[in-house]
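Everything below concerns the one structure shown next.
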Amino acid sequence: MPLYARLMTQDSEPTTQNPTLTNIQDLGEFGLIEHLTKNLASVQESTIKAAGDDAAVIHYDKGEILVSTDMYVEGVHFDMVYTPLMHLGYKCITASISDIYAMNGMATQVLVSLALSSRFTVEAMDELYEGMKIACKTYGVDLVGGDTTSSKLGLVINVTALGQADKSSICYRNGAQNGDIICVSGDLGGAYIGLQILEREKRVYLEAPTAQPELSGFDYVLKRQLRPEARKDVVEILKAVDIKPTAMIDVSDGLASEIMHICKQSDTGCLLEEENIPIDENTYHTAISFNIDPTLCALSGGEDYELLFTMKPSDYEKIKHNPDITQIGRIIEKDKGTKILTKSGNLHDLQAQGWRHF
């Protein structure tokens with residue numbers, strides 16, 4: 001086999017047999033991103049922020065342009081056995097523009113590119129795009145272009161989201177300071193529990209294709225998984241009371257993973273309080289019925305697309321009575337680590353066990 005083929009084809013020549021090569025799994029998603037981008041140098045004066053945050057920041061005379069891109073791969077990010085195409089289209093848009101809101105900006109446009117196999121019909125793509133159009137209308141975003149190509153492995157969707165923000169209002173992950181309040185919007189863990197229900201019904205379907213799915217009573221968590229919303233409203237709420245978070249990120253890979261990203265880039269530690277982590281009643285009781293710890297769902301489940309942010313204690317006073325924003329801890333000094341205080345009063349190291357892409 002030619003050398004280039006051996007380098008590119010892991011299935012044919014596993015890198016574990018060649019000590020000079022590195023498995024992608026050894027680095028993980030964020031390690032790979034850091035590895036690939038560490039030596040990239042920006043040459044354009046308009047490039048304010050390149051790789052390393054929820055979105056890139058580009059300066060133009062009338063403000064900053066935010067750019068973020070996400071890829072959704074069949075069999076990795078979604079399963080066509082239980083994912084309606086209209087819901088999938090909606091979710092791809094909201095999940096992508098969530099990165100713009102996580103920078104404290106406003107999403108304005110998206111570009112959508114598709115790679116699809118021959119098993120998909122035009123009508124199927126119409127359904128997918130109908131969901132996208134509904135999401136764009138809901139959030140005031142324009143779908144302005146994209147690309148299509150063929151795929152031998154199913155459906156791949158790439159969404160590039162663009163947005164705007166004043167330079168002074170942009171929130172990065174690296175601004176948290178000792179003593180800051182840690183807040184999160186909405187509630188957590190619902191999307192993960194919704195996924196568990198869908199996976200359960202898939203197993204039943206594969207064993208008995210004529211069986212009817214048992215989905216009654218699970219509307220809330222199923223919607224959290226199949227049709228999540230982006231928290232544009234939280235950005236608007238904070239702006240209305242003149243609050244700029246010191247750091248912000250969206251919860252796509254689990255609460256623990258996201259707060260640890262903030263701590264790493266801000267060079268701080270954190271203390272989360274388990275009793276304050278917001279978990280919806282439907283999520284809680286369904287998790288218990290699955291014999292799953294509800295807190296674990298919130299910490300490691302992912303795909304909630306809520307906003308996690310830090311702020312000065314004086315700013316928290318302005319929004320502490322908002323029922324959709326919850327204080328869940330504080331930023332502490334780096335040498336004190338990343339910790340969680342359990343309901344029983346025990347202190348544990350926080351573990352990032354969220355979604356791993358490799």
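A quick note: this is a predicted structure, and the numbers were derived from the prediction, not measured.
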Nearest heavy-atom contact between Ala191 and Gly302 is CB-O, 3.6 Å
side-chain contact (heavy atoms from CB on, under 4.5 Å) filter on Thr138, not counting sequence neighbours, yields Tyr90, Ile134
List the steps and the verdict of side chain to side chain contact (heavy atoms under 4.5 Å, CB included) for Glu229 and Arg227. CA-CA 7 Å; Glu229 303 293 346; Arg227 198 176 183 274; 3.5 Å; yes
Between Leu238 and Met311, is the side chain to side chain contact (heavy atoms under 4.5 Å, CB included) condition met? List the steps. CA-CA 11 Å; Leu238 296 175; Met311 65 174 64; 4.3 Å; yes
Which atoms form the tightest heavy-atom contact between Leu222 and Gly194, and what is the distance? CD2-O, 3.8 Å
Is a donor on one side and an acceptor on the other found under 3.5 Å between the side chain of Asn104 and the backbone of Cys171? no
List the atom of Ser96, the atom of Asp70, and the distance in Å for their closest heavy-atom pair. CA-OD2, 3.6 Å
In the structure I gave you, are the side-chain heavy atoms of Ser266 and Lys334 within less than 4.5 Å of one another anywhere? no
Set of residues satisfying side-chain hydrogen bond (donor to acceptor under 3.5 Å, both in side chains) with respect to Asp142, sequence neighbours excluded: none
Given 3.5 Å as the limit, does a donor-acceptor pair link the side chain of Thr246 with the main chain of Thr310, or not? yes
How long is the span from the CG atom in Asn174 to the OG1 atom in Thr268, to the nearest 0.5 Å? 10.5 Å
Minimum-distance pair of heavy atoms, taken over all atoms of Pro245 and Phe309: CB-CB, 3.9 Å
Using 0.5 Å steps for rounding, measure from the OH atom of Tyr316 to the CZ atom of Arg330. 9.5 Å
Say whether, by atom type as modelled, one donor and one acceptor occur between the side chain of Asp250 and the main chain of Ser252 under 3.5 angstrom. no
Would a 4.5 Å heavy-atom cut-off, applied to side chains only, mark Ile237 and Asp324 as touching? no
Can you list every pair that meets salt bridge (Lys or Arg N to Asp or Glu O under 4.0 Å) and has a residue in residues 237-248, with sequence neighbours left out? none
Any heavy-atom pair between the side chains of Leu128 and Ile157 that's under 4.5 Å? yes
side-chain contact (heavy atoms from CB on, under 4.5 Å) with Ile288: which residues, sequence neighbours excluded? Tyr284, Pro294
Flag yes if Ile325 and Leu308 sit in one hydrophobic cluster, no otherwise; membership is Ile, Leu, Val, Met, Phe, Trp, Tyr, and two members link when side-chain heavy atoms are under 4.5 Å apart. no
Hey, is the main chain of Met86 close enough, under 3.5 Å, to the side chain of Glu130 for a donor-acceptor pair? no
Is Leu347 isolated, or which residues cluster with it under the ILVMFWY side-chain rule of less than 4.5 Å, directly or via members? Leu271, Ile332, Leu341
Residues passing the side-chain contact (heavy atoms from CB on, under 4.5 Å) test with Asp293, sequence neighbours excluded, are Thr295, Leu296
When the ring planes of Tyr72 and His77 are compared, do they come out parallel, tilted or perpendicular, using 30° and 60° as the limits? perpendicular
Residues passing the side-chain contact (heavy atoms from CB on, under 4.5 Å) test with His348, sequence neighbours excluded, are Ile340, Thr342, Asn346
Sequence neighbours excluded - salt bridge (Lys or Arg N to Asp or Glu O under 4.0 Å) pairs with any residue from residues 81-98: Lys91-Glu303
I'd like to know if the side chain of Ser289 and the backbone of Thr286 have a donor-acceptor N/O pair within less than 3.5 Å. yes
Report yes if some heavy atom in the side chain of Ile262 is under 4.5 Å from a heavy atom in the side chain of Ile182; otherwise report no. no
Using the rule that Ile, Leu, Val, Met, Phe, Trp and Tyr join whenever any side-chain heavy atoms are under 4.5 Å apart, tell me whether Ile279 and Phe218 fall into a single cluster. no
Do Ile100 and Val159 share a hydrophobic cluster (ILVMFWY, side-chain heavy atoms under 4.5 Å, transitive)? no
Roughly how far apart are Ile328 CD1 and Glu275 CD, rounded to 0.5 Å? 12.5 Å
Rounded to the nearest 0.5 Å, the OG1 atom of Thr283 sits from the CZ atom of Arg224 at a distance of 7.0 Å
Do the charged groups of Asp180 and Lys312 touch, with an N to O distance under 4.0 Å? no
Which other residues belong to the hydrophobic cluster containing Val204, where Ile, Leu, Val, Met, Phe, Trp and Tyr are joined when side-chain heavy atoms lie under 4.5 Å apart, directly or via other members? none
Which is it for Ile197 and Arg200 under the side chain to side chain contact (heavy atoms under 4.5 Å, CB included) test, yes or no, and what are the steps along the way? CA-CA 5 Å; Ile197 293 170; Arg200 179 193 69 184; 4.1 Å; yes
Examine distances only and state if a side-chain atom of Thr94 and a backbone atom of Pro228 form a donor-acceptor pair shorter than 3.5 Å. yes
Please say yes or no: joined through hydrophobic side-chain contacts below 4.5 Å, possibly via intermediate residues, are Phe290 and Tyr192 part of one cluster? yes
Do Leu88 and Leu155 have side chains that approach each other closer than 4.5 Å (heavy atoms only, starting at C-beta)? yes
Can you tell if the side chain of Glu64 reaches within under 4.5 Å of the side chain of Asp166, non-hydrogen atoms only? no
Approximate separation, where rounding is to 0.5 Å, of Arg203 CZ and Leu198 CG: 11.0 Å
Any residue meeting side-chain hydrogen bond (donor to acceptor under 3.5 Å, both in side chains) with Lys320, in chain and number order, not counting sequence neighbours: Glu317
Is there a donor-acceptor contact under 3.5 Å linking the side chains of Ser185 and Glu306? yes
For residues Gly179 and Pro313, report the shortest heavy-atom separation together with the two atoms involved. O-CG, 3.5 Å
Does anything in residues 206-223 form a side chain to side chain donor-acceptor pair (under 3.5 Å)? List the pairs, not counting sequence neighbours. Asp187-Tyr220
Phe120, CZ: over 12 other non-hydrogen atoms inside 6.0 angstrom: yes
Any chance OH of Tyr101 has more than 12 other-residue heavy atoms, nucleotides or ligands included, within less than 6.0 Å? yes
Minimum heavy-atom distance Cys270-Leu350, with the two atoms named: SG-CD2, 4.2 Å
Only one of Val221, Asn282, Asp280 passes side-chain contact (heavy atoms from CB on, under 4.5 Å) with Ile193; say which it is. Val221
Excluding sequence neighbours, so at least two apart, what forms side-chain hydrogen bond (donor to acceptor under 3.5 Å, both in side chains) with Thr69? Asn158, Thr160
Pairwise side-chain contact, Ile181 with Asp315, heavy-atom cut-off 4.5 Å (strictly under): no
Hey, is the main chain of Gly105 close enough, under 3.5 Å, to the side chain of Gln164 for a donor-acceptor pair? no
State the OH-CD distance between Tyr82 and Glu201, to the nearest 0.5 angstrom. 11.5 Å
Applying the 4.5 Å side-chain criterion to the ILVMFWY set and letting contacts propagate, would Met132 and Ile97 be lumped into a single cluster? yes
Could you tell me if the side chain of Leu114 sits less than 4.5 Å from the side chain of Val156, heavy atoms only? no
Would you find more than 12 non-hydrogen atoms of other residues, nucleotides or ligands less than 6.0 Å from Leu153 atom CG? no
